[in-house]
Amino acid sequence: MIKEVRVRFAPSPTGALHIGGVRTALYNYLFAKKSNGKFLLRIEDTDQTRYVPGAEEYILEALAWLGISPDEGQGIGGPDAPYRQSERKPMYKAYAQQLIDAGFAYYAFDTPEELDAMRERLNKAGVPNPQYNAITRATMKNSLVLPQEEVKQRLDAGDAYVIRIKIPRKEEVRVNDIIRGWVLVHSSSLDDKVLMKSDGMPTYHLANVVDDHLMRITHVIRGEEWLPSAPLHVLLYKYLGWEDTMPEFAHLPLLLKPDGNGKLSKRDADMHGFPVFPLQWQPAGAEKTIGFREEGYLPEALLNFLAFLGWNPGTQQEIFSLTELVEAFTLEKIGKAGAKFDINKANWYNQHYLRGMENSALGAILKTDLEKKGINTSLESAQEIASLLKERITFAKEMVAEGEYFFKSPKEYDAVLSQKWSAEASEVSLAFADKLISIATETSAEEIKHILHEIVENQKLKIGKVLQPIRILITGKPAGPDLMQIIKIIGTNEASERLKKGVEFANRV
RNA sequence: GGUCCUAUCGUCUAGGGGUUAGGACAUCUCCCUUUCACGGAGGAAACAGGGGUUCAAUUCCCCUUAGGACUACCA
């Protein structure tokens, strides 16, 4: 029987989920579903000082909004609960002890001051990268150099200590990455990383290896920033005796800022005026940050966009539903190089998916948006307006501003009006206004068009000469959906009034 | 500085020893339309540089350059 695929998304609850994290979650989800496996959510909250209330709920809500909720994990439950590392605290200690007993780890009693002093001393001596390693540990206060008696004494006395991994002096460590192939690192460039902190909590390194093993994770799919510590993790699997079941690794290319280089940050996003968080986020006492959801991005658009940032199916198809993504996804097709975050493309995807939305859905959105502005319309009318507007917007929320003229007579007229204005336009507008007031309310857009054309023909004019000025008179804007439809919707009386008022204005200027 | 990763149009990318180096976004032109948008047609636009290997390198190897990540008792 083939082992079930199990992957995890393991964010740390230190704030809102970054969009890069969202993509990592998405790839994990896609891979899990493609393989008929499980997608787990584990909360990595071993740093109690960085814990932010609400962050965990935020993560769950964000994944739910996108439709990539985990199968097991924090907030869902499952066979390996608890899924919050702070609640798994006792388990780590046992494995750390196992490592010490086997001689792969040791106690270190150095104070932060002593560590600083060591680094400073080494810096002065010209060592560019001071490390607690095979060489320097000989000069520090740890169970490798201190007399056994003193170690026991300190331990019994409750002295603060950490547990460090004992990195071998000379050993080639190999990591096989699905995306990058073999990565070789010499152990001499690694340092004796802390495994257990003095507060009794494990560090990420120990916790993620222990949990991934206990949770039977088969593939670790995470950001490239973890690649440098992957050799350490490989060593841990080996020292813990779990080499045979060690998960496979896939280190994802980073999401880069749109201009220049470097990891995409919130600052970059703010500068360019787009979100980095899926949902809005408001830390206690701080300012609210808007998210993709509030900005008006559709989940399917964001997902499609994100999926293509670093991955490509190898075909010409660019539009993929979540189900199609699952079907097409493979880790092998993930690229190696970082991808710049181009919000333009995201907008295009959004526009695309928006156009695919039902008028009824769009109409409902427009109706509530209007209500917020104190304007009431019927759902039918909102739907009709939405159908006219949807081809010319990127976000649903733009409908209110774009279609303002459906509800309000224009307060000002676009400057194009004065250029296009003429005695003929004035005459036609007035004649049209007169006609409009005399016809029945249920007159169709087609008939209204016919009436206008008749007037224009009688004057021996071309429609193009007068239509744009008339449009501006009625809507205030030089562009928009079919004018006759607009007139039909706002009503012939209203249109007539707007025309008269507009003509007066235009002739004055 | 050290370790590791990376390098095809402006951007996301396909491709791969011999191709007119393909697509999408953005951009430009034209068509459609009363306008804008949508849609349609077309254009401009790329293999970082230098060495190898080879009959042949954008593709394989090395170096350079550029960029990035990591370098905490943070994840």
Side-chain angles (χ1 to χ4, degrees), chain A residues 10-14 44-47 49-50 85 108 110-112 115 119 123 126-132 160-164 175 177 179-180 183-186 188-191 193-199 201-205 207-208 222-231 251 253-254 256 258-263 305 308-319 333 335-349 351 355 388-393 402 416 420 449 452-453 456 462-468 470-472 475 477-484:
Chain A
S12 133
T14 53
E44 312 238 326
D45 59 345
T46 52
D47 185 353
T49 61
R50 294 210 309 160
Q85 289 185 326
D110 316 275
T111 65
L115 289 171
R119 290 190 188 106
N123 267 327
V127 178
N129 195 24
Q131 286 185 324
Y132 204 115
Y161 68 88
V162 299
I163 296 175
R164 287 179 182 272
V175 180
D177 186 274
I179 296 168
R180 287 152 221 284
V183 176
L184 310 183
V185 182
H186 195 86
S188 60
S189 70
L190 268 27
D191 61 343
K193 280 268 181 303
V194 170
L195 262 22
M196 294 291 290
K197 299 184 269 189
S198 56
D199 65 358
M201 275 292 190
T203 57
Y204 169 82
H205 304 296
N208 103 85
R222 68 218 317 187
E224 194 188 336
E225 66 268 29
W226 293 110
L227 193 51
S229 57
H251 289 94
L254 264 15
L256 273 18
D259 52 3
N261 289 292
K263 222 156 110 168
F305 166 67
F308 272 70
L309 242 34
W311 173 84
N312 184 291
T315 65
Q316 310 269 81
Q317 188 182 346
E318 306 262 341
I319 303 295
K333 282 276 178 194
K336 301 185 217 292
K340 289 188 186 175
F341 195 87
D342 180 14
I343 198 66
N344 241 324
K345 191 88 173 233
N347 291 162
W348 174 76
Y349 272 115
Q351 188 188 16
R355 262 185 286 143
L388 293 178
L389 255 21
K390 85 170 175 189
E391 299 273 282
R392 59 202 73 236
I393 52 168
E402 182 68 29
V416 172
K420 300 269 170 120
K449 183 178 179 181
L452 210 215
H453 275 259
V456 170
K462 279 195 169 170
I463 189 80
K465 186 103 162 71
V466 294
L467 201 97
Q468 203 180 15
I470 292 176
R471 170 187 291 281
I472 298 173
T475 69
K477 296 180 182 189
D482 180 50
L483 224 209
M484 306 309 139

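Lettering of chains follows the sequences in order, A, B, ..., and the numbering in each one begins at 1. This one's a predicted model, so the numbers in the text were calculated from it and none came from an experiment.
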Partners of A/N312 by side chain to side chain contact (heavy atoms under 4.5 Å, CB included), sequence neighbours excluded?
->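 Once residues adjacent in sequence are excluded, the partners of A/N312 under the side chain to side chain contact (heavy atoms under 4.5 Å, CB included) criterion are A/F308.
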
Could you tell me which residues satisfy side chain to side chain contact (heavy atoms under 4.5 Å, CB included) with A/V416, sequence neighbours excluded, listed by chain and number?
->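 Only A/D414, A/K420, A/Q468, A/I472, A/P478 meet the side chain to side chain contact (heavy atoms under 4.5 Å, CB included) criterion with A/V416.
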
Quick one: list whatever passes side-chain hydrogen bond (donor to acceptor under 3.5 Å, both in side chains) with [X], sequence neighbours left out.
X      : result
A/Y132 : A/D110, A/N142
A/R180 : none
A/E224 : none
A/K477 : none

Just how far, in rounded Å, is C1' of B/C25 from NZ of A/K340?
->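 Rounded to the whole Å, the gap is 15 Å.
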
With rounding to whole Å, what would you report as the distance between [N] and [M] at their [atom1] atoms?
N     : M     : atom1 : result
B/U64 : B/C73 : P     : 32 Å
B/G49 : B/A66 : C1'   : 10 Å
B/A45 : B/A26 : C1'   : 11 Å
B/C9  : B/C5  : C1'   : 24 Å

Short side-chain N/O contact from A/R355 to OP1 or OP2 of B/G39, under 4.0 Å |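 Answer is yes, contact under 4.0 Å.
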
Hey, mind stepping through A/H251 and A/R222 against side chain to side chain contact (heavy atoms under 4.5 Å, CB included) and telling me if it holds?
-> CA-CA 5 Å; A/H251 289 94; A/R222 68 218 317 187; 3.0 Å; yes

Main-chain N/O of A/V194 paired with A/T203 side-chain donor or acceptor, under 3.5 Å |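 Flag set: sc A/T203 to bb A/V194 pair under 3.5 Å.
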
Considering residues at least two apart in sequence or located in another chain, which fulfil the ring pair (Phe, Tyr, Trp, His ring centres under 6.0 Å) criterion with A/W226?
->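 If we apply the ring pair (Phe, Tyr, Trp, His ring centres under 6.0 Å) test to A/W226, skipping adjacent residues, the hits are A/Y204.
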
Residues in ring pair (Phe, Tyr, Trp, His ring centres under 6.0 Å) with A/F341, at least two apart?
->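 With sequence neighbours excluded, A/F341 shows a ring pair (Phe, Tyr, Trp, His ring centres under 6.0 Å) to A/F274, A/F305, given in chain and number order.
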
Report, one pair per line, the protein and nucleotides 14-17 of chain B atoms (nitrogen or oxygen only) whose separation is under 3.5 Å.
unit_1, atom_1, unit_2, atom_2, d
B/G15, OP1, A/K333, NZ, 3.0

Find every protein N or O atom lying less than 3.5 Å from an N or O atom of nucleotides 44-47 of chain B, and list the pairs.
none

By nearest nucleotide on RNA chain B, pick out whichever of A/P478 and A/W348 is the more 5' one.
->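 Result: A/W348.
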
Want to settle it: does A/A337 or A/L483 sit nearer the 5' end of RNA chain B, counting the closest nucleotide to each?
->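 Residue closer to the 5' terminus by nearest nucleotide: A/A337.
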
Pairing residues for A/K345 by the salt bridge (charged side-chain N to carboxylate O under 4.0 Å, His left out) criterion, not counting sequence neighbours =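 With sequence neighbours excluded, A/K345 shows a salt bridge (charged side-chain N to carboxylate O under 4.0 Å, His left out) to A/E318, given in chain and number order.
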
Would you mind building the protein contact string for nucleotides 67-75 of chain B? One character per nucleotide, 5' to 3', B for base within reach (heavy atoms under 4.0 Å), S for sugar-phosphate only, - for untouched.
-> SSSSS-BBB

